[in-house]
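Input: a single structure, listed below in structure tokens.
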Amino acid sequence: MSRLSDAFRHKALIGYVTVGYPSLEDTMKVVPLLAESGCDIVELGIPFSDPLADGVTIQKASFRALQNGVTPEVCLETARKLREKVGIPLVFMTYFNPVLSYGLDEFCSACNGAGIDGLIIPDLPPEEGEKLQQSTGHCNLDLIYLLAPTSTESRIRLVAERSRGFIYLVSVTGVTGARAALPEDLTAFVARVRRIAKQPLCIGFGISTPEQSKEVARIADGIIVGSRIIQLMEEDKTLASVGDFVRGLRKALDEIPT
Amino acid sequence: MAKISLPDNRGYFGEYGGRFVPETLMPVLDELTAAYAEAKADDSFWSELDHLSRDFSGRPTPLYFGEKLTGHCGGARIYLKREDLAHTGAHKINNALGQGLLARRIGKKRIIAETGAGQHGVATAAVCAMLGMDCIIYMGEEDVRRQALNVFRMKLMGAEVRPVSGGSRTLKDAVNEAIRDWVTNARDTYYLLGSVVGPHPYPMMVRDFQSVIGKEARQQILDKVGRLPDYIVACVGGGSNSIGIFYPFLDDKDVKLVGVEAAGRGIDTGEHAASIIAGRVGVLHGSKSYVLQNRAGQIMETHSISAGLDYPGVGPEHGYLKDTGRASYVGVTDSEALEGFQLLCRAEGITPALESSHAVIYAARLAATLDKEKIIIVNLSGRGDKDMSIVADALGVKL
Ligand SMILES: Cc1ncc(COP(=O)(O)O)c(C=O)c1O
């Protein structure tokens with residue numbers, strides 16, 4: 001049984017941070033803060049040199065983290081240390097090349113050893129994920145696939161068959177990044193997926209306010225917030241505003257009648 | 001002999017290729033693959049492409065016997081496939097025209113493309129102007145600087161050039177940014193990718209559109225000398241001009257195929273762009289192939305005097321040709337390429353692109369080791385007008 005399923009006892013709040021941005025000490029501080037403030041799962045981003053699914057905020061964070069010498073090894077070590085501090089599930093979000101370069105089996109067993117619960121790899125569609133899926137299967141890791149507004153019914157079926165833990169719904173055709181407004185066809189998209197998939201559905205990309213969270217979480221099982229957290233970490237080095245922000249999101253989600 | 005029919009239906013050439021892209025693009029690639037298969041089976045598509053290749057691009061390009069160059073080298077006879085004479089100055093127009101017609105057929109009017117040297121950007125801008133489509137070109141800031149002339153040409157033809165400031169500010173980053181645009185505007189935008197890289201079906205499609213080079217060259221050499229060449233030499237950036245000339249010769253086992261990569265300041269300095277020679281298998285920009293990367297799987301910054309070769313990846317079919325031994329790959333440094341550039345200028349009155357100069361110098365040296373009956377065809381992928389200020393700089397000349 002996936003440890004991630006614990007998160008869905010209520011509307012799940014998933015936070016994203018890039019490991020090593022602005023510094024590794026900040027990562028060690030912010031993840032427990034996210035957990036305390038109401039996140040149910042934290043996504044730890046392993047920085048990649050060519051983050052083609054990311055908007056400027058996470059691109060910059062990745063670039064800086066790489067300059068800080070962050071590697072997959074450093075991320076695993078950081079996860080291991082965070083595991084001693086927080087009980088909530090941790091998943092890695094990264095691109096396929098660093099994983100391939102590490103070795104699929106080696107990477108998955110290292111993740112398992114570090115207390116990681118799942119993987120999100122935006123440039124690895126299910127068609128290319130079979131080998132990694134074997135490795136994650138042996139190591140108690142959930143391989144979480146993504147769906148997008150452009151996904152066809154047959155692709156929704158494929159992802160519904162393969163995705164473990166939850167399905168990551170990309171709210172917009174686009175890259176990551178905080179947005180003022182979310183697309184109108186989101187409800188229809190979620191409904192299309194809901195008809196086919198049994199997994200919890202989490203919506204990410206573009207969510208940056210409590211109001212948006214509430215709106216989105218009404219139709220989903222969880223929401224994912226990344227770029228806004230990174231921006232707040234930039235603006236306020238004490239991280240106090242990150243805590244406030246996440247508590248605000250948690251409150252908004254808890255106000256949704258069940 | 002069985003005609004090689006790769007890639008397979010998942011877009012793989014052996015273990016290379018595939019589709020490693022965000023989910024948003026997967027349905028788009030399915031559609032594109034289906035649309036291309038339909039176009040490929042439609043004679044009217046090819047007859048329009050043939051017609052425009054002739055009247056717009058100036059095909060067929062000549063196969064020219066470089067008698068003076070041959071004499072200078074004192075060995076094998078060197079023939080030049082004159083892609084430098086194609087409209088807009090390089091082989092890139094072959095692919096831009098093919099994909100432009102495909103985009104029009106699919107009904108997409110907004111075209112985006114990446115460019116390194118600017119040749120693919122110029123070719124795309126020209127095709128978009130001719131077909132009446134909107135054109136946005138992504139180009140690394142560093143390339144905008146070193147290829148200013150081509151930036152101006154693109155703008156004159158109505159394209160919007162968007163400088164890319166991320167990462168190494170060269171071709172790789174321009175591709176990232178083009179993919180981000182594509183993910184964002186997937187429904188109405190056609191990505192006109194410029195080389196045999198990227199997710200399936202691009203490596204196959206671009207190869208098909210570029211193989212006109214090899215088809216013509218094969219017939220031309222048969223017409224001129226009554227036999228096939230012993231060697232074909234072409235430079236390899238993403239790998240489109242080389243695949244284009246290699247592909248129609250793949251089943252001619254006695255024809256040796258040589259791809260020339262940019263060895264920059266020397267392979268051992270780490271400042272180069274020789275993905276096949278010095279890279280290892282990885283995933284970049286949507287497909288699996290040889291990639292220049294560090295131990296942690298981060299893509300490396302590359303260096304070449306020629307912007308068009310300054311790229312850390314290479315098309316998946318080249319990975320396959322290398323592993324099967326059908327083609328071999330060598331490196332040529334910046335300074336050797338400059339020597340090739342000057343050699344062809346002096347010996348034949350032809351100014352090659354710096355990219356093509358890599359192939360020229362390798363072929364010249366190879367020729368010198370072979371006897372006079374042997375034949376080498378060099379793919380002269382482009383002309384050097386765009387490179388004048390770089391060459392002047394490198395030679396210490398003030399313009
Ligand atoms: C003249 C010329 N030759 C070669 C190349 C390298 O590309 P490819 O390896 O795809 O032919 C370029 C790319 O810009 C070019 O402009």
Side-chain angles (χ1 to χ4, degrees), chain A residues 46-56 59-60 62-63 65-66 69-75 94-103 107 121-129 145-156 158-159 163 167-170 172-177 205, chain B residues 9-12 15 17-31 164-168 172-189 198-200 279-289 291-301 312-313:
Chain A
I46 302 178
F48 179 52
S49 52
D50 295 77
L52 49 77
D54 284 302
V56 281
Q59 280 176 48
K60 273 195 199 141
S62 303
F63 187 71
L66 288 173
V70 176
T71 61
E73 250 116 18
V74 170
C75 294
T94 189
Y95 289 81
F96 190 50
N97 199 57
V99 177
L100 183 66
S101 166
Y102 201 103
F107 184 73
I121 303 180
D123 63 345
L124 189 74
E127 285 89 338
E128 303 291 356
Y145 285 113
L146 298 90
L147 282 170
T150 53
S151 300
T152 53
E153 175 147 343
S154 64
R155 298 201 55 77
I156 295 174
L158 182 63
V159 166
S163 195
I167 298 175
Y168 192 137
L169 304 193
V170 175
V172 289
T173 58
V175 294
T176 59
F205 283 38
Chain B
N9 58 11
R10 295 173 58 231
Y12 274 86
E15 69 165 301
R19 276 183 185 165
F20 297 83
V21 294
E23 172 65 24
T24 308
L25 295 176
M26 290 298 285
V28 178
L29 292 169
D30 280 337
E31 271 172 36
V164 176
S165 60
S168 56
K172 146 180 113 71
D173 309 282
V175 177
N176 289 339
E177 210 49 38
I179 293 177
R180 290 185 190 113
D181 180 319
W182 193 25
V183 171
T184 306
N185 301 294
R187 291 188 176 104
D188 69 349
T189 295
H200 178 61
R280 62 191 171 89
V281 176
V283 166
L284 174 65
H285 296 149
S287 58
K288 191 192 265 190
S289 186
V291 177
L292 290 169
Q293 54 184 315
N294 70 15
R295 279 192 46 228
Q298 306 297 343
I299 310 306
M300 305 226 283
E301 297 202 355

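Values below: all heavy atoms of this structure, side chains included; hydrogens, waters and symmetry mates excluded. In what follows, every chain begins at residue 1, and chains take the letters A, B, ... in the order their sequences are listed. Quick caveat, the model's predicted, so the values are computed rather than measured.
Side chain of A:Asn97 to main chain of B:Val283: a donor-acceptor pair is present (N/O by atom type, distance under 3.5 Å, no hydrogens or angles). Between the B:Thr24 side chain and the A:Thr173 main chain, no donor and acceptor come within less than 3.5 Å of each other. At distances below 3.5 Å, at least one donor-acceptor pair connects side-chain atoms of B:Arg180 with backbone N or O atoms of A:Pro51.
Interface remark: A:Phe96 contributes side-chain atoms only to the contact with chain B (heavy atom separation under 4.5 Å). Neither the backbone nor the side chain of B:Glu301 comes within contact range of chain A, judged by heavy atoms closer than 4.5 Å. Using a 4.5 Å cut-off between heavy atoms, A:Leu147 touches chain B through backbone and side chain atoms alike.
Summarising the geometry, atom CG belonging to B:Asn176 is positioned 10.5 Å from atom CG belonging to A:Asp54; distances are rounded to the nearest 0.5 Å. Residue A:Thr71 holds its OG1 atom at 8.5 Å from CZ of B:Arg295, rounded to the nearest 0.5 Å. How far OH of A:Tyr145 is from CD of B:Glu23: 11.0 Å, rounded to the nearest 0.5 Å. One distance of note links CG of A:Leu52 with CD1 of B:Ile179; it measures 5.0 Å at 0.5 Å rounding. Separating the CE atom in B:Met26 from the CG atom in A:Leu146 is a distance of 12.0 Å, to the nearest 0.5 Å.
Ranked by heavy-atom pairs under 4.5 Å with chain B, the first of A:Gly55, A:Ser151, A:Ala53, A:Pro126 is A:Ser151. Among A:Ile46, A:Leu124, A:Val170, A:Asp50, the residue making the largest number of heavy-atom pairs under 4.5 Å with chain B is A:Asp50.
Residues A:Ser101 and B:Arg280 have side chains that bring a donor and an acceptor to within less than 3.5 angstrom of each other.
Using a 4.0 Å cut-off between charged side-chain N and carboxylate O, B:Arg10 and A:Glu127 make no salt bridge.
Closest non-hydrogen pair, B:Phe20 versus A:Pro125, comes out as CA-CD, 4.2 Å.
With sequence neighbours left out, A:Leu66 forms a side chain to side chain contact (heavy atoms under 4.5 Å, CB included) with A:Pro47, A:Ser49, B:Gln298.
When the heavy atoms of residues 181-189 of chain B are compared with those of chain A, the residues falling under 4.5 Å are B:Val183, B:Thr184, B:Arg187, listed by number.
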